[in-house]
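Take a look at the structure below.
Just so you know, ligand 1 is whichever comes first in the structure, and atom 1 is the first atom listed for that ligand. Here the structure is a predicted model, which means the values were calculated and not measured.
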Amino acid sequence: MGALIGIDLDYAANLLEQGKLVAIPTETVYGLAANGLNTEAVSGIFAAKNRPTFDPLILHVGSVAQAKSLCIEWPEAAEKLATAFWPGPLTLVLPKANHIPDLVTADHPTVAVRMPNNAMSLALLQRLSFPLAAPSANPFGYVSPTNAQHVFDQLGERIDYILDGGPCAIGIESTIVSVDTHNRVTLLRLGGLDLEALSETIGHPLEESLSMHSNPQAPGQLDQHYSPGCAMIPFTNFPSNATHKEKNLAIGFLWFSENDRKQHAGPTIPIGAKNYVLSASGDDREAAMNLFGTLRQFDKDGCTQVYFTWAPEMGLGRAINDRLKRASANSTPH
Ligand code: AMP
Ligand code: MG
């Protein structure tokens, strides 16, 4: 049978009040939501995703006042960033209030909070008396879902309800920054809010803490993450003396733009290979929106190896490349 997909906010609210799991739409990706102040409900999220408990969750709020109630400090920089970008794809990591379960924050003294920019989920949050813990609604390590069907395909047997808010407008996870009591803002994860907009608001370039850790402060920092089933390989490693036909490998190509496809498509590209273009015109926002759905499509197509071109390192291109880097971390050409 599996989860129902629908738009019934009363039903969703009721399930969440009972401590159950509901998938919710946001402008970034679909979240797997539960009462973020209820340890038992939150443990259901970790179980459904097979998520290790060292990986903390983001608490989603319906107002700035609610966000403040989850932190013991609300520095001026947090106020500035929330005013500029909420609701929107920016997560703030701040000193946590005592009543937040340790499971939510993976025992860190900080909590991650965000107000999502999706009318349905905002309305849901505003009628609940608690914040929603909501990591991406996919099995741990896999590509995030950007529509209700993606959630159903993987978690449909593990949850009761999927609120359908249509396809995600941004399609890539939130940008995460920490804000300390001295108003220092540090980038923890690249995401749907571009760095140019962020540094303009804080008035100087961000400090970055994006090194790859195996025990990361932010899970998005794991070397390998956001990975489809197929091996993801930079196109620069595509063997020019390709023998893929003989090996009968199912090969795919992920081009950032139509320009990339035209430039590289040649006689060595196997006939019948899958070719997808993230944005015909090379627009970073359109490409971000299409990224995860396209990675899933390669798996559906039965591709075992996908060669990809990088995005230009600007705007959301940086976040796209970050996801491609992690998706390809353990892949090698065969
Ligand atoms: P997901 O919602 O699955 O994309 O992942 C949630 C992200 O929130 C994780 O990748 C972490 O990077 C981040 N996060 C949550 N809580 C904290 C925290 N207390 N400190 C740092 N990062 C956090
Ligand atoms: Mg995730």
Side-chain angles (χ1 to χ4, degrees), residues 21 23-34 36 42 45-46 48-61 67 70-73 78 89-98 100-116 118 121 131-146 150-151 154-155 168 170-180 184-193 207-228 288 291-292 295-296 319 322-323 326-327:
L21 305 181
I24 59 166
T26 82
E27 80 283 30
T28 59
V29 302
Y30 272 69
L32 182 57
V42 170
I45 295 177
F46 285 92
K49 280 182 60 90
N50 282 325
R51 183 175 175 112
T53 51
F54 65 72
D55 193 352
L57 305 179
I58 296 172
L59 290 181
H60 293 71
V61 296
L70 302 172
C71 315
I72 46 168
E73 309 253 6
L90 177 67
T91 295
L92 302 177
V93 172
L94 293 154
K96 86 177 191 90
N98 282 333
I100 298 170
D102 291 332
L103 186 57
V104 169
T105 62
D107 290 327
H108 287 295
T110 52
V111 63
V113 290
R114 178 170 101 83
M115 193 194 304
N118 173 280
S121 288
L132 290 174
S136 53
N138 53 275
F140 183 71
Y142 194 73
V143 177
S144 300
T146 52
H150 292 164
V151 181
Q154 293 190 301
L155 298 180
C168 299
I170 290 179
I172 207 158
E173 299 84 351
S174 60
T175 300
I176 304 180
V177 297
S178 64
V179 182
D180 72 12
R184 269 193 300 256
V185 179
T186 304
L187 180 65
L188 299 179
R189 177 176 75 181
L190 291 159
L193 180 67
E207 294 187 36
E208 301 196 13
S209 160
L210 296 175
S211 57
M212 290 189 170
H213 299 288
S214 54
N215 187 9
Q217 193 185 2
Q221 292 178 350
L222 288 169
D223 297 13
Q224 189 175 18
H225 209 74
Y226 315 112
S227 300
L291 177 66
F292 288 145
L295 294 184
R296 280 173 187 259
D322 172 78
R323 302 308 187 262
R326 293 178 207 283

Polar side chain donor-acceptor pair, R114 to T26, under 3.5 angstrom:
yes
One residue to check: K96. Relative to ligand 1, which of side chain, backbone, both or neither has a non-hydrogen atom less than 4.0 Å away?
neither
Under 3.5 Å, is there a donor-acceptor pair linking the side chains of R323 and S144?
no
Heteroatom distance test (E173, ligand 1): nitrogen or oxygen, under 3.5 angstrom:
no
Do the side-chain N and O atoms of T28 and S174 include a donor-acceptor pair separated by under 3.5 angstrom?
no
Set of side-chain contact (heavy atoms from CB on, under 4.5 Å) partners for S121, sequence neighbours left out
I24, P25, N118
Closest approach of V151 and A23, non-hydrogen atoms and distance?
CG1-CB, 3.7 Å
If hydrogens are left out, which of G31, P135, P95 has an atom nearest to atom 2 (O) of ligand 1, that is, the closest non-hydrogen atom?
P135
Ligand 1 atoms in contact with S136 (distance to a heavy atom under 4.0 Å):
1 (P), 2 (O), 3 (O)
Examine ligand 1 and decide if any of its atoms is less than 4.0 Å from a heavy atom belonging to R51.
yes
Polar-atom distance check: T110 versus ligand 1, any N or O pair below 3.5 Å?
yes
Could I get the full list of side-chain contact (heavy atoms from CB on, under 4.5 Å) partners for A34, not counting sequence neighbours?
L21, A41, I45
Which bit of I176 gets closer than 4.0 Å to ligand 1, counting heavy atoms only: side chain, backbone, both or neither?
side chain
Is there an N/O/S atom in S136 that lies less than 2.8 Å from the Mg ion (ligand 2)?
yes
